[in-house]
Visitor: 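So that we are looking at the same thing, I have put the structure below in structure tokens.
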Amino acid sequence: MKLERARELYSDYAEGTLSPAMKLALEQHFDADTEARVDYDEFARIFAVLGDSAPLEVNVPLGFRAKVMELATAEQQRRASAPRSLGDAIREWFAPSGRRRLSGGILAGAAALVVAGIMFSPAMQITGTNTAVIFGTGATASDATPPTIQSVSTGEGTDGNFYHYFHIHLPQNVPNATVNAYVLTSSDQITNASARETDAHPALSAPTPLTNDVEMQIPVALTKRPEAGSTLDMLVSWYANNDPSQSKTQVVFTPFDVADGGPATAPVANGNFYDTLRNIASVYHVTVIADATTSPTMTAAGWASGDDVGNALNTVAGSVGYGVRKLNDTTYQVFEKR
């Protein structure tokens, strides 16, 4: 969690009005970052002093209020006309707020993302590839490694929010590793680490250790109904604790709501590999898990209208030398061939 984001939560935390999930996320941030704890303690000290202070009556010069209102109006107009950066848009999207429940099961209200505390359970690895359907000429079962992001499930959390649960496993040949994860807002955050650190939303309060006999579940809830056809995108990376050079990065694109009718307009192919995979996840209402340790340098092909999802993915993946594996009826893995 970035310091700027944490500071947005200080007042609600001090007043005890944060949701349980956000309170837990902020406290985990304090546990992982002592400077953030010191920063909040300083805020809390000032907050307490101001809260205990009696209001003062002050005589102000004639016309003072009108001048203040004039300056405030001018500042509002300046901000409204100024170009909004991607960072501004993300801060608006992730701003904390109240929530209300819609009949369709999607949470709405002013924009807010809730990343609840991670959970662990005994791992049930996908160990083989023989039962999966492999698409593409020259692609075989031995080409596909077990995905780190093995599935995405949905359900209502104990706080009443509707969550997507990202199920994370390590390969069986990696005894233990350190895991990091981000909720993404653009494809450049997949290939550009600096953009990811600056603009993506951390899904873990800190890099987290994981062993290959345990599954990590990362719950994410959105409290604003997204546009039809939107996807929830997460990048997960790990490096082996006994050999940091052994590492892997994968990204997953999963629909927010499979019943939302799909995108309002057909996506336009732009040649970007990951944008194209996201479009397929949106149009066909499927979850697409893709390797991202290295990224294709070639332009990705588009897919033909009327293709089934397997052929669409195979056309796109094959154009950059990747393979496609069907994990189940709604989940596909796009892998870099070994």
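In what follows, residues are counted from 1 in the order of the sequence shown.
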Visitor: Specify the closest pair of heavy atoms between Pro255 and Ala281, including all atoms of both residues, with the distance to one decimal.
Guide: CG-O, 3.6 Å
Visitor: Taking the side chain as every heavy atom from C-beta outward, state whether Glu35 and Asp39 have any atom pair closer than 4.5 Å.
Guide: no
Visitor: Where is the tightest heavy-atom contact between Leu170 and Thr211, given as atom of each residue plus distance?
Guide: CD1-C, 3.9 Å
Visitor: Looking at side-chain heavy atoms only, is the closest gap between Glu42 and Tyr40 below 4.5 Å?
Guide: no
Visitor: For the pair Thr254 (side chain) and Thr287 (backbone), establish whether a donor and an acceptor sit closer than 3.5 Å, ignoring hydrogens and angles.
Guide: no
Visitor: What distance separates Leu184 CG from Leu235 CG, expressed to the nearest 0.5 Å?
Guide: 5.5 Å
Visitor: Which pair of non-hydrogen atoms, one from Ile218 and one from Ala181, has the smallest distance, and what is that distance?
Guide: CD1-CB, 3.8 Å
Visitor: A side-chain contact here means heavy atoms from C-beta on lying under 4.5 Å apart; do Val334 and Val316 qualify?
Guide: no
Visitor: With no hydrogens and no angle check, is any side-chain donor or acceptor of Thr208 less than 3.5 Å from a backbone partner on Ala206?
Guide: yes
Visitor: In terms of side-chain heavy atoms, does Thr249 have a donor or acceptor partner in Ser237 at a distance below 3.5 Å?
Guide: no
Visitor: Does Lys248 pair with Asp291 as a salt bridge, N-O distance under 4.0 Å?
Guide: yes
Visitor: Measure the OG1-CG distance between Thr198 and Asn192 for me, rounded to the nearest 0.5 Å.
Guide: 8.0 Å
Visitor: Look at the aromatic rings of Phe30 and Tyr10 and report parallel, tilted or perpendicular, splitting at 30° and 60°.
Guide: tilted
Visitor: Between the side chain of Asn180 and the main-chain N/O of Pro207, is any donor-acceptor distance below 3.5 Å?
Guide: no
Visitor: Determine the minimum heavy-atom distance between Ala221 and Phe162, stating which atoms define it.
Guide: CB-O, 3.3 Å
Visitor: Of all residues at least two apart in sequence or in a different chain, which pass the salt bridge (Lys or Arg N to Asp or Glu O under 4.0 Å) check with Asp329?
Guide: Lys326
Visitor: So Asn173 and Gln246, do their side chains get closer than 4.5 Å, heavy atoms only?
Guide: yes
Visitor: Quick one: sort the Trp303 and Tyr284 rings into parallel, tilted or perpendicular, breaks at 30° and 60°.
Guide: tilted
Visitor: Which heavy atom of Ala300 sits nearest to which heavy atom of Val320, and what is that distance?
Guide: CA-CG1, 4.1 Å
Visitor: Quick one: CD1 on Ile280 to CG on Leu313, what's the gap to the nearest 0.5 Å?
Guide: 4.5 Å
Visitor: Going from OG1 on Thr154 to OH on Tyr165, what distance comes out if it is rounded to the nearest 0.5 angstrom?
Guide: 9.0 Å
Visitor: Does some side-chain heavy atom of Met298 sit less than 4.5 Å from a side-chain heavy atom of Phe273?
Guide: no
Visitor: Do Thr294 and Glu336 meet the criterion of a side-chain donor-acceptor pair at a distance under 3.5 Å?
Guide: yes
Visitor: If the condition is ring pair (Phe, Tyr, Trp, His ring centres under 6.0 Å), which residues does Tyr239 pass it with, not counting sequence neighbours?
Guide: none
Visitor: Does Gln250 reach the main-chain N or O of Ile149 with its side chain, forming a donor-acceptor pair under 3.5 Å?
Guide: yes
Visitor: Looking only at the side chains, is there a donor atom on one of Asn328 and Thr330 sitting less than 3.5 Å from an acceptor on the other?
Guide: yes
Visitor: Between atom NZ of Lys23 and atom OG1 of Thr17, what is the distance when rounded to the nearest 0.5 Å?
Guide: 11.5 Å
Visitor: For Thr185 and Gln189, which I'm curious about, is there any donor-acceptor pair between the side chains at under 3.5 Å?
Guide: yes
Visitor: What pair of heavy atoms forms the shortest contact from Gly323 to Lys337, and how long is it?
Guide: N-CE, 3.9 Å
Visitor: Tell me whether Arg196 contacts the main-chain N or O of Ile190 through its side chain, where contact means a donor paired with an acceptor under 3.5 Å.
Guide: yes
Visitor: Do Val236 and Phe166 come within less than 4.5 Å of each other through their side chains, counting heavy atoms only?
Guide: no
Visitor: Given Met234 and Val152, is the side chain to side chain contact (heavy atoms under 4.5 Å, CB included) satisfied, shown in steps?
Guide: CA-CA 11 Å; Met234 179 177 286; Val152 182; over 6 Å; no
Visitor: According to side chain to side chain donor-acceptor pair (under 3.5 Å), who are the partners of Ser153, at least two apart in sequence or on a separate chain?
Guide: His167
Visitor: Testing Val309, Leu277, Leu327 one by one against Tyr332 for a side chain to side chain contact (heavy atoms under 4.5 Å, CB included), which residue passes?
Guide: Val309
Visitor: Run the numbers on Phe43 and Arg7 for side chain to side chain contact (heavy atoms under 4.5 Å, CB included), then give the verdict.
Guide: CA-CA 9 Å; Phe43 167 86; Arg7 283 175 171 169; over 6 Å; no
Visitor: Apply side chain to side chain contact (heavy atoms under 4.5 Å, CB included) to Leu210 and Trp238, showing your working.
Guide: CA-CA 9 Å; Leu210 182 65; Trp238 58 261; over 6 Å; no
Visitor: Determine whether the side chains of Asp233 and Thr231 contain a donor N or O and an acceptor N or O closer than 3.5 Å.
Guide: yes
Visitor: Do Ile168 and Thr148 come close enough that some side-chain heavy atom pair is under 4.5 Å?
Guide: yes
Visitor: Does any N or O in the side chain of Ser282 come within less than 3.5 Å of the main-chain N or O of Arg278, such that one atom is a donor and the other an acceptor?
Guide: no
Visitor: Let me confirm one number: the OH-CD distance from Tyr182 to Glu197, rounded to the nearest 0.5 Å.
Guide: 3.5 Å
